[in-house]
Structures are given as C-alpha cells and as structure tokens.
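Structure record follows, encoded as structure tokens.
Naming convention: chains lettered A, B, ... in sequence-line order (proteins, then strands); numbering from 1 in each chain.
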Protein chains: 2
Amino acid sequence: MGNQVPDIVIRRLPVYLRALNHLEAQGVAITSSQELADNLGSSAAQIRKDLSHFGEFGKQGTGYHVGYLAKQLRRILHADRTWEVVLVGAGDLGHALIRNQGIARRGFRIVAAFDNDPERVGARVGDIIIQNSKTMRQEIKARRIQVAIIAVPAQAAQGVTDILVDAGVKAILNYSPIAINVPPAIRVQYADPVTLLQRMTYYLS
Amino acid sequence: MGNQVPDIVIRRLPVYLRALNHLEAQGVAITSSQELADNLGSSAAQIRKDLSHFGEFGKQGTGYHVGYLAKQLRRILHADRTWEVVLVGAGDLGHALIRNQGIARRGFRIVAAFDNDPERVGARVGDIIIQNSKTMRQEIKARRIQVAIIAVPAQAAQGVTDILVDAGVKAILNYSPIAINVPPAIRVQYADPVTLLQRMTYYLS
DNA sequence: TGTTGTGAATGACTTCACAGCG
DNA sequence: CGCTGTGAAGTCATTCACAACA
C-alpha cells in the first residue's frame, strides 16, 4: 500500500465504483467482495487484493459498507470533485455527449465545445455555444482545463491532439478511429465503437 | 498457434487493424513491427508475438505488407463481412450511433433501433424507423441478429439485456453505466464514458 | 460464524535474445 | 544486412488458503 499501484488495478476501480453506486441507489447498505464479484463477473479475491493497495475498507465477518467504500473509491479516483472538460468536434456524437446528463451528474462538466466547421460555430447545444477551434488553445490554457474529449474525424484527430497537449490537457478520451501520439505523461483512453465491436466478433459464428 | 488465443491478444488485434487501415489510407505499402509499435505505443516484440498466434504474415528482413496483414486481421476478427446490429435506446447517443457513417463503413450496419418511449417510436433516423421495444425479441430472432448496442438508462439496461440474450444476441456493446448480467457465452464490452474518464483522473493533479 | 486482508503459490503475459531466412 | 518468429527468461497478475478478528 502506498506503493505504485498497477494501472490494471486502477482501471478496475471505476467499475467497482459503478457497482457500488448502483447498490447505493437500490438502498443496499452492506455488501461483500463475493457479492460484488458475482455482480461484476470478477473474483472476490481480486477485489479484496485490489482494494488492499489503498487501505482497509472492510469489516471482517461483515463486509463493506457500501456508502463508505464508494466514498473512498471516489477519493482515490479523484471523482469526489467536478472536472471541467472540453469537447472537440460538435457532430452528432459531440452533441450527444454535451446533452448527456449522466456525464455531468457524475463529475464531468463539459464547459466548452469546439469545431472547425463555420456552419456549426455559434450554435447552441444544451448550455453551451460551439466555438471556433482557433480559440481552443487559448481558452483551455486560460481555464486550466485538464480533460478533453475528441469526437472529430480521423484525419483531424492528431492535429487536435497536438493543440490540446500544448494547451495543457493531461487526459484525453478519444472517440476517433485512430491512435493518437502523445507525450508519455498524457493519459489517453480509446472509445472508438468499431474497435469495441471487433473485440467481440472474433468470438462469433 | 491454432490453440486457444488469450483474450488479451484478441483485444489488441482491432487496434493493430486500425493502425494498418490508417497506413493503408496514407498509401504506405510496407511496415514493420517496430514502426507499428511506435505508432501505437506498444512494443515490437509484443506485436510479433501476438500475430504469431495466428500464422506467419511477415517477411524476414522486410517487414509486413500493410494490405495483406490488414486483410488477414480482418479475416481473423471476422471483420471481412458486414454484421447486422440492433440498437436499443434512441436517445441522443442512439441517434448519433445510427447516423455515424464510420460504423457502417467499417462493417457494422445498424439495421433496427428500438425504444420504449411512444414519443420516439415511429420517428425516422437516417435510414431506419424507431420501433417499439415490444417487437424487439421477435425481430432479432427473425433476422438472426447476433450483435446489439445498448444505449438506454441504467435502470432499463438489465431488462433489455435479458430480452436480447433470449432473442439470440451473442455480443453486446453497453453504453449504459451499469454492469449487466449475461450467461458465460455472451460477450459484453463496456463503453460508459464516465468509467473511461475515471480511469484517467486517478493520475491527475 | 462469516468475511476481510495478505503472504505464498500458481498462472499468465511480456520481454529478451537470437536462429533463421529473405 | 534487417527483420521476423519463437523458445527461454523474466516480470507481473491472479488465485489460493488461512490467520485474524468483529
């Protein structure tokens, strides 16, 4: 504990948190590593081991207090605050992300959106006005925004990435269908739906 | 080779294919495991080892023919055909997915969409008409559809899942923010944006 | 009794390093 | 000569199994 925690463990924590949120919403006060594992299709030992990297959150013989464990995980993941997020690419997907209330309710507020298509610039979507990409670097810097979502076509993705990184963004959720090149300190998560689908079709017919 | 291939390898193949598609589009004819690795932030040895599970696709001293390797990966992943997909949940995200041309162009055609909101049923989105969820099971069975996308709110996700599984769906891409329970033979990929974002915020400030 | 937290044992994945070949 | 394909070695992750304890 306190050591460098493997990324594979970090990747599972949001999944645990999501399950705990669900239990909490159902009014469940206590759970166990076994119950969580059944819920998530993972193993009880793995959940206990993962949590042990960060401290002792359970009670022997009893299990975990759902609300308390959720709170701890939020703290660990820095999900106990609201992150300001910029969105680049105001196509259909961009619109859907802006309107998505779940994202906002769970700690990520899209505070600005950019597009390089003059037809889209100036349009209002939800609470925000689509801005010209040219103002992007400036605005991100001024607001010290660390999280960005890319929802532009493949050919624009690397250029957008370079601007985001230069402006100080540290985490990028990339919906475009190409790998983007970033310095080692920048985190990237890929969300291209086709890649996700292809991970499953291998197993079909 | 020919043995059971680890899922972790399967999960990387679509990433390789995506990079190859990109190189192909740029007119690059030959590449190497090193070049691919640089591109993807992985390692040359890992790419070679992954590919070795399926055969020998390269030429010593030369590298890989981009078009040929891409073709082989498509064959392995069953991405050399078009998959019919059903979408459940015709909210903003559902609309965006239906309209997303990239998905269709890369082998996944959304052929039907369902929603339980009478306000949405009957509406035309792109080429398709939103149908009542009540007809879902019937239609999936009749068309023998194996792939589904869930884009409904959390509280509806498990109910939808049960119907999909009963109707014969074998692969589910789940955008809802909860874990869904399925029989072991059914594949699930999660695409909740908040989970993806939380995997990165751990590393921030 | 029931469940956690955790060393030890096992298992899986990645990297190394080089023979083999174009 | 350069790069692949691959056993062997090394590293990392998961599972086991049980002491500790409410």
Side-chain angles (χ1 to χ4, degrees), chain A residues 1-17 19-20 23 28-73 76 184 199 202, chain B residues 1-17 19-20 23 28-73 76 184 199 202:
Chain A
M1 186 220 150
N3 292 340
Q4 173 70 353
V5 178
D7 182 62
I8 195 161
V9 172
I10 301 304
R11 292 174 56 83
R12 283 192 290 260
L13 297 187
V15 177
Y16 301 160
L17 176 54
L20 291 165
L23 288 174
V28 177
I30 301 287
T31 188
S32 66
S33 56
Q34 187 60 60
E35 184 182 38
L36 279 171
D38 292 346
N39 221 282
L40 296 171
S42 86
S43 83
Q46 177 163 86
I47 292 173
R48 293 201 304 274
K49 180 72 94 178
D50 284 352
L51 296 177
S52 76
H53 285 95
F54 303 94
E56 311 195 351
F57 305 121
K59 288 206 206 331
Q60 286 150 329
T62 307
Y64 300 91
H65 187 277
V66 172
Y68 176 72
L69 182 54
K71 190 171 176 182
Q72 294 305 313
L73 287 179
I76 292 164
R199 285 176 175 171
Y202 170 80
Chain B
M1 184 220 149
N3 294 342
Q4 173 71 356
V5 179
D7 182 62
I8 196 163
V9 172
I10 301 303
R11 292 174 56 84
R12 285 192 290 260
L13 299 186
V15 177
Y16 302 161
L17 176 55
L20 291 165
L23 289 174
V28 177
I30 301 287
T31 189
S32 66
S33 57
Q34 188 59 59
E35 184 181 38
L36 278 171
D38 292 347
N39 221 283
L40 296 172
S42 87
S43 84
Q46 178 164 84
I47 292 174
R48 294 201 302 276
K49 179 73 92 181
D50 285 352
L51 296 177
S52 77
H53 286 95
F54 303 95
E56 311 193 353
F57 305 121
K59 287 203 207 333
Q60 284 148 333
T62 307
Y64 300 92
H65 187 277
V66 172
Y68 176 73
L69 182 54
K71 190 171 174 181
Q72 294 304 312
L73 286 179
I76 292 163
R199 285 175 177 173
Y202 170 80

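Partners of A:Gln34 according to the side-chain hydrogen bond (donor to acceptor under 3.5 Å, both in side chains) rule, which considers only residues two or more places apart in sequence or in another chain, are A:Asp38. With sequence neighbours left out, B:Ser32 forms a side-chain hydrogen bond (donor to acceptor under 3.5 Å, both in side chains) with no residue at all.
Direction change of the helix axis from one end of the helix from C:dT1-D:dA22 to C:dG22-D:dC1 to the other is 20°, with five pairs defining each end axis (rounded to 10°).
Of all heavy-atom pairs between A:Leu23 and A:Val66, the closest is CB-CG1, 4.1 Å.
For the atom pair CG (B:Leu13) and CG (B:Leu73), the distance works out to 6.0 Å, reported to the nearest 0.5 Å. B:Ile10 CD1 to B:Phe54 CZ: the interatomic distance, rounded to the nearest 0.5 Å, is 4.0 Å. Atom CD in A:Gln72 sits 12.0 Å away from atom NE2 in A:His65 (nearest 0.5 Å). Between the CG atom in B:Leu36 and the CG atom in B:Leu69 there is a gap of 7.0 Å [rounded to 0.5 Å].
With a cutoff of under 4.0 Å to any heavy atom of chain A, the contacted region of DNA chain C is bounded 5' to 3' by C:dG2 to C:dA8.
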Discussion item. As a quick check of understanding, evaluate side-chain contact (heavy atoms from CB on, under 4.5 Å) for A:Tyr202 and B:Val9, giving each step before the final call.
Written reply: CA-CA 11 Å; A:Tyr202 170 80; B:Val9 172; over 6 Å; no

Worksheet item: Do A:Arg199 and B:Val15 pass the side-chain contact (heavy atoms from CB on, under 4.5 Å) test, and can you show the C-alpha distance, the side-chain angles, and the key distance before you say yes or no?
Response: CA-CA 9 Å; A:Arg199 285 176 175 171; B:Val15 177; 4.0 Å; yes

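The NE2 atom of A:His53 sits 11 Å away from the C1' atom of D:dT14 (whole-angstrom rounding).
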Worksheet entry | nucleotides 3-13 of chain D: protein proximity per nucleotide (B base, S sugar-phosphate only, - neither; heavy atom, under 4.0 Å) | BBBBBB----S

If you look only at distance, which donor and acceptor atoms sit under 3.5 Å apart when one is on a side chain in residues 39-51 of chain B and the other is two or more places apart or in another chain?
{"from": "B:Ser43", "atom 1": "OG", "to": "B:Gln46", "atom 2": "N", "distance (Å)": "3.1"}
{"from": "B:Arg48", "atom 1": "NH1", "to": "B:Ser33", "atom 2": "OG", "distance (Å)": "3.1"}
{"from": "B:Asp50", "atom 1": "OD1", "to": "B:Arg12", "atom 2": "NH2", "distance (Å)": "3.0"}
{"from": "B:Asp50", "atom 1": "OD2", "to": "B:Arg12", "atom 2": "NE", "distance (Å)": "2.7"}
{"from": "B:Asp50", "atom 1": "OD2", "to": "B:Arg12", "atom 2": "NH2", "distance (Å)": "3.3"}
{"from": "B:Asp50", "atom 1": "OD2", "to": "B:Tyr16", "atom 2": "OH", "distance (Å)": "2.6"}

